[in-house]
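As the structure lists them, so they are numbered: ligands from 1, and atoms in each ligand from 1. Everything quoted here is computed from the prediction, not taken from an experiment. Quick note: residue numbers are just sequence positions, from 1.
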Amino acid sequence: MLNHLKILWHQGKQFIPDVRSVEVPGIFRGRPIISKVTVDGAALAAICPTKAIGLSPVSIDFGRCTFCGECSLKFPEKIQFTKDYRIASNVRERLIVKEGEEGRISFDEEEIRKEIKSLFGRSLKLRQVSAGGDNSCELELNAANNVQFDMSRFGIDFVASPRHADGVVITGPITKNMAKALEICYEAIPEPKIVVLVGTDAISGGIFEDSDQLDRSFLKNHKVDLYIPGNPAHPLTIINGLLDLTGR
Ligand code: SF4
(Lines give C-alpha, C1' and ligand atoms only; values in the text may rest on other atoms or scores of the structure.)
Protein backbone atom coordinates (compact mmCIF):
# COMPACT_ATOMS: atom_id res chain seq x y z
CA MET A 1 0.00 0.00 0.00
CA LEU A 2 2.77 2.40 1.00
CA ASN A 3 4.64 1.54 -2.18
CA HIS A 4 1.53 2.27 -4.27
CA LEU A 5 1.15 5.67 -2.59
CA LYS A 6 4.84 6.41 -3.24
CA ILE A 7 4.38 5.59 -6.92
CA LEU A 8 1.31 7.83 -7.15
CA TRP A 9 3.15 10.68 -5.44
CA HIS A 10 6.19 10.21 -7.67
CA GLN A 11 4.21 10.13 -10.92
CA GLY A 12 1.80 12.92 -10.05
CA LYS A 13 -1.19 13.55 -12.31
CA GLN A 14 -0.52 11.97 -15.67
CA PHE A 15 -3.68 13.21 -17.35
CA ILE A 16 -4.15 16.76 -18.63
CA PRO A 17 -6.76 18.25 -16.27
CA ASP A 18 -8.02 20.94 -18.65
CA VAL A 19 -7.92 19.95 -22.32
CA ARG A 20 -9.49 23.29 -23.26
CA SER A 21 -6.47 25.46 -22.45
CA VAL A 22 -3.08 23.85 -22.11
CA GLU A 23 0.26 24.98 -23.51
CA VAL A 24 1.39 22.45 -26.10
CA PRO A 25 5.12 21.79 -25.59
CA GLY A 26 7.71 21.53 -28.35
CA ILE A 27 7.23 22.15 -32.05
CA PHE A 28 3.56 22.35 -32.85
CA ARG A 29 1.84 24.26 -35.63
CA GLY A 30 -1.74 25.19 -34.96
CA ARG A 31 -3.93 28.01 -36.29
CA PRO A 32 -1.96 30.29 -38.64
CA ILE A 33 -2.00 34.08 -38.42
CA ILE A 34 -1.56 36.02 -41.66
CA SER A 35 -0.40 39.63 -41.35
CA LYS A 36 -1.40 42.40 -43.74
CA VAL A 37 2.22 42.96 -44.81
CA THR A 38 2.51 43.03 -48.60
CA VAL A 39 4.60 40.21 -50.09
CA ASP A 40 5.02 38.61 -53.51
CA GLY A 41 1.73 36.67 -53.54
CA ALA A 42 2.58 34.48 -56.50
CA ALA A 43 5.88 33.42 -54.88
CA LEU A 44 4.10 32.70 -51.62
CA ALA A 45 1.39 30.59 -53.24
CA ALA A 46 3.96 28.71 -55.34
CA ILE A 47 5.64 27.38 -52.17
CA CYS A 48 2.60 25.44 -51.06
CA PRO A 49 2.53 21.76 -52.08
CA THR A 50 -1.25 21.43 -51.65
CA LYS A 51 -2.54 24.75 -53.05
CA ALA A 52 -3.70 25.72 -49.57
CA ILE A 53 -2.65 29.35 -49.98
CA GLY A 54 -5.18 31.61 -51.65
CA LEU A 55 -4.65 35.18 -52.89
CA SER A 56 -6.76 38.37 -52.81
CA PRO A 57 -6.99 38.27 -49.83
CA VAL A 58 -4.13 35.98 -48.80
CA SER A 59 -5.61 32.99 -47.00
CA ILE A 60 -4.68 29.52 -45.77
CA ASP A 61 -7.11 26.66 -46.03
CA PHE A 62 -5.97 24.32 -43.30
CA GLY A 63 -8.31 21.66 -44.58
CA ARG A 64 -5.70 21.46 -47.35
CA CYS A 65 -2.59 22.55 -45.42
CA THR A 66 -0.04 19.87 -44.50
CA PHE A 67 1.43 22.17 -41.81
CA CYS A 68 4.85 21.72 -43.41
CA GLY A 69 5.73 25.28 -42.32
CA GLU A 70 7.49 26.24 -45.57
CA CYS A 71 5.38 29.37 -46.07
CA SER A 72 6.20 30.73 -42.62
CA LEU A 73 9.89 29.86 -43.01
CA LYS A 74 10.14 31.73 -46.33
CA PHE A 75 7.74 34.57 -45.45
CA PRO A 76 7.91 34.92 -41.65
CA GLU A 77 6.75 38.52 -41.85
CA LYS A 78 3.53 37.32 -43.51
CA ILE A 79 2.66 33.97 -41.94
CA GLN A 80 3.14 32.66 -38.42
CA PHE A 81 1.70 29.52 -36.88
CA THR A 82 0.28 29.81 -33.38
CA LYS A 83 -0.04 26.93 -30.93
CA ASP A 84 -3.83 27.20 -30.94
CA TYR A 85 -4.95 23.60 -31.35
CA ARG A 86 -8.70 24.32 -31.27
CA ILE A 87 -9.01 24.44 -35.05
CA ALA A 88 -11.88 22.03 -35.77
CA SER A 89 -15.23 23.21 -37.11
CA ASN A 90 -18.50 21.83 -38.38
CA VAL A 91 -18.35 24.16 -41.41
CA ARG A 92 -15.74 23.48 -44.08
CA GLU A 93 -15.37 27.17 -45.06
CA ARG A 94 -14.41 28.10 -41.49
CA LEU A 95 -11.14 26.21 -41.92
CA ILE A 96 -9.97 29.05 -44.14
CA VAL A 97 -8.06 31.82 -42.35
CA LYS A 98 -7.68 35.16 -44.15
CA GLU A 99 -5.07 37.86 -43.65
CA GLY A 100 -5.82 40.10 -40.69
CA GLU A 101 -8.02 37.50 -38.95
CA GLU A 102 -6.86 36.46 -35.50
CA GLY A 103 -9.94 34.97 -33.83
CA ARG A 104 -10.43 31.37 -32.83
CA ILE A 105 -11.95 28.97 -35.36
CA SER A 106 -15.64 28.74 -34.58
CA PHE A 107 -18.58 26.40 -35.00
CA ASP A 108 -21.91 27.30 -36.59
CA GLU A 109 -24.25 26.25 -33.79
CA GLU A 110 -27.29 26.50 -36.10
CA GLU A 111 -25.79 23.86 -38.37
CA ILE A 112 -25.38 21.25 -35.62
CA ARG A 113 -28.28 18.81 -35.68
CA LYS A 114 -30.28 18.93 -32.44
CA GLU A 115 -30.00 15.19 -31.82
CA ILE A 116 -26.20 15.38 -31.74
CA LYS A 117 -26.21 17.38 -28.53
CA SER A 118 -29.23 15.72 -26.96
CA LEU A 119 -28.19 12.12 -27.68
CA PHE A 120 -24.40 12.21 -27.82
CA GLY A 121 -23.60 14.98 -25.31
CA ARG A 122 -22.70 12.53 -22.53
CA SER A 123 -21.81 9.40 -24.47
CA LEU A 124 -20.42 9.06 -27.98
CA LYS A 125 -19.23 5.77 -29.45
CA LEU A 126 -17.30 5.93 -32.70
CA ARG A 127 -16.14 3.48 -35.33
CA GLN A 128 -12.91 4.42 -37.10
CA VAL A 129 -12.29 3.68 -40.79
CA SER A 130 -8.83 4.21 -42.25
CA ALA A 131 -9.72 4.86 -45.89
CA GLY A 132 -6.24 4.75 -47.38
CA GLY A 133 -4.67 6.47 -44.39
CA ASP A 134 -0.93 6.43 -43.66
CA ASN A 135 -1.45 5.53 -39.98
CA SER A 136 -0.51 9.00 -38.70
CA CYS A 137 -4.00 10.28 -37.86
CA GLU A 138 -4.89 6.77 -36.74
CA LEU A 139 -2.02 6.88 -34.22
CA GLU A 140 -3.18 10.26 -32.94
CA LEU A 141 -6.74 8.98 -32.53
CA ASN A 142 -5.24 6.16 -30.49
CA ALA A 143 -3.20 8.67 -28.48
CA ALA A 144 -6.38 10.64 -27.71
CA ASN A 145 -7.35 7.74 -25.48
CA ASN A 146 -4.00 7.29 -23.74
CA VAL A 147 -3.43 8.12 -20.08
CA GLN A 148 -2.40 11.72 -20.89
CA PHE A 149 -5.33 12.84 -23.03
CA ASP A 150 -7.84 10.35 -21.63
CA MET A 151 -10.69 11.09 -24.04
CA SER A 152 -12.86 8.37 -22.56
CA ARG A 153 -13.32 10.47 -19.39
CA PHE A 154 -15.74 12.51 -21.56
CA GLY A 155 -17.66 9.39 -22.56
CA ILE A 156 -16.08 9.32 -26.03
CA ASP A 157 -14.78 5.89 -27.06
CA PHE A 158 -13.98 3.85 -30.13
CA VAL A 159 -15.87 0.62 -30.60
CA ALA A 160 -15.11 -2.42 -32.73
CA SER A 161 -18.48 -2.83 -34.40
CA PRO A 162 -20.33 -0.17 -36.40
CA ARG A 163 -23.52 -1.66 -34.93
CA HIS A 164 -22.46 -0.28 -31.55
CA ALA A 165 -21.36 3.10 -32.92
CA ASP A 166 -22.98 6.54 -33.11
CA GLY A 167 -20.83 7.66 -35.98
CA VAL A 168 -17.87 7.05 -38.23
CA VAL A 169 -14.45 8.73 -38.02
CA ILE A 170 -12.71 8.73 -41.40
CA THR A 171 -8.98 9.10 -41.91
CA GLY A 172 -7.08 8.94 -45.19
CA PRO A 173 -7.96 10.41 -48.59
CA ILE A 174 -10.63 7.69 -49.29
CA THR A 175 -9.12 5.38 -51.84
CA LYS A 176 -11.11 3.45 -54.42
CA ASN A 177 -10.43 0.16 -52.67
CA MET A 178 -11.82 1.50 -49.37
CA ALA A 179 -14.85 3.37 -50.76
CA LYS A 180 -17.20 0.38 -50.67
CA ALA A 181 -16.01 -0.77 -47.22
CA LEU A 182 -16.58 2.75 -45.88
CA GLU A 183 -20.11 2.81 -47.30
CA ILE A 184 -20.89 -0.61 -45.79
CA CYS A 185 -19.60 0.53 -42.40
CA TYR A 186 -21.67 3.71 -42.56
CA GLU A 187 -24.82 1.78 -43.51
CA ALA A 188 -24.31 -0.55 -40.52
CA ILE A 189 -24.36 2.32 -38.01
CA PRO A 190 -27.86 2.92 -36.62
CA GLU A 191 -29.54 6.32 -37.05
CA PRO A 192 -28.95 9.02 -35.99
CA LYS A 193 -25.24 8.98 -36.79
CA ILE A 194 -22.46 11.43 -37.37
CA VAL A 195 -19.60 11.66 -39.87
CA VAL A 196 -16.23 13.03 -38.72
CA LEU A 197 -13.25 13.69 -40.99
CA VAL A 198 -9.85 13.67 -39.30
CA GLY A 199 -6.76 15.05 -40.99
CA THR A 200 -5.88 16.91 -44.19
CA ASP A 201 -6.07 13.79 -46.34
CA ALA A 202 -9.64 13.03 -45.28
CA ILE A 203 -10.81 16.64 -45.52
CA SER A 204 -9.40 17.54 -48.93
CA GLY A 205 -7.39 14.60 -50.25
CA GLY A 206 -4.19 16.44 -49.25
CA ILE A 207 -1.21 15.62 -51.45
CA PHE A 208 -3.25 12.82 -53.05
CA GLU A 209 -6.03 15.13 -54.18
CA ASP A 210 -5.38 14.63 -57.91
CA SER A 211 -4.81 10.89 -57.72
CA ASP A 212 -7.04 8.73 -59.91
CA GLN A 213 -6.96 6.11 -57.16
CA LEU A 214 -9.36 8.09 -54.95
CA ASP A 215 -13.12 7.75 -54.80
CA ARG A 216 -14.49 10.53 -52.58
CA SER A 217 -18.12 10.16 -53.66
CA PHE A 218 -19.01 9.19 -50.06
CA LEU A 219 -18.57 12.84 -49.09
CA LYS A 220 -21.00 13.97 -51.79
CA ASN A 221 -23.65 11.54 -50.57
CA HIS A 222 -23.37 12.06 -46.80
CA LYS A 223 -23.27 15.20 -44.66
CA VAL A 224 -20.05 15.75 -42.74
CA ASP A 225 -20.70 16.88 -39.17
CA LEU A 226 -17.15 17.69 -38.09
CA TYR A 227 -13.86 18.58 -39.78
CA ILE A 228 -10.76 18.05 -37.62
CA PRO A 229 -7.69 19.41 -39.45
CA GLY A 230 -4.06 18.48 -38.94
CA ASN A 231 -1.40 16.47 -40.66
CA PRO A 232 -1.77 14.48 -38.52
CA ALA A 233 -4.44 15.95 -36.26
CA HIS A 234 -3.30 16.56 -32.66
CA PRO A 235 -5.16 14.62 -29.91
CA LEU A 236 -6.16 17.95 -28.32
CA THR A 237 -7.64 19.10 -31.63
CA ILE A 238 -9.56 15.83 -31.91
CA ILE A 239 -10.90 15.95 -28.35
CA ASN A 240 -11.85 19.64 -28.45
CA GLY A 241 -13.56 19.23 -31.82
CA LEU A 242 -15.72 16.40 -30.51
CA LEU A 243 -16.51 18.26 -27.28
CA ASP A 244 -17.54 21.38 -29.21
CA LEU A 245 -19.71 19.37 -31.60
CA THR A 246 -21.53 17.60 -28.77
CA GLY A 247 -22.00 20.78 -26.73
CA ARG A 248 -19.69 20.03 -23.83
S1 SF4 B 1 2.34 25.17 -44.04
FE2 SF4 B 1 0.46 24.76 -45.17
S3 SF4 B 1 0.00 26.64 -46.28
FE4 SF4 B 1 2.16 26.72 -45.67
S5 SF4 B 1 3.29 25.87 -47.41
FE6 SF4 B 1 2.92 24.16 -45.98
S7 SF4 B 1 1.03 23.26 -46.71
FE8 SF4 B 1 1.13 25.27 -47.66
Next on the checklist: Has T50 got a side-chain atom pairing as donor or acceptor with G206's backbone, closer than 3.5 angstrom?
Outcome noted: no
Point to revise | Side-chain donor or acceptor of S35 paired with backbone N/O of E77 under 3.5 Å | key: yes
Contact region, I53 to ligand 1, non-hydrogen atoms below 4.0 Å, reads side chain
Are any side-chain N or O atoms of R94 and backbone N or O atoms of F107, one a donor and one an acceptor, separated by less than 3.5 Å?
-> yes
- Task: State plainly whether one hydrophobic cluster holds both L243 and F158, where clusters connect Ile, Leu, Val, Met, Phe, Trp and Tyr through side-chain heavy atoms under 4.5 angstrom apart.
- Result: yes
When distances are taken from atom 1 (S) of ligand 1, the protein heavy atom at minimum range is G69 N, 3.2 Å
Counting from 1 in the order shown, the ligand 1 atoms closer than 4.0 Å to a non-hydrogen atom of T66 are 2 (Fe), 7 (S)
ask   = Would you say C71 has an N, O or S atom lying under 2.8 Å from atom 6 (Fe) of ligand 1?
value = no
field: Any F62 heavy atom less than 4.0 Å from ligand 1
entry: no
| N/O donor-acceptor pair under 3.5 Å between T200 side chain and C65 backbone | yes
N/O/S atom of C65 under 2.8 Å from atom 4 (Fe) of ligand 1, yes or no? no
- Query: For K176, does the NZ atom sit with more than 12 other heavy atoms under 6.0 Å from it, leaving out its own atoms?
  - Reply: yes
heavy-atom search around atom 8 (Fe) of ligand 1 in the protein gives C48 SG, 2.4 Å
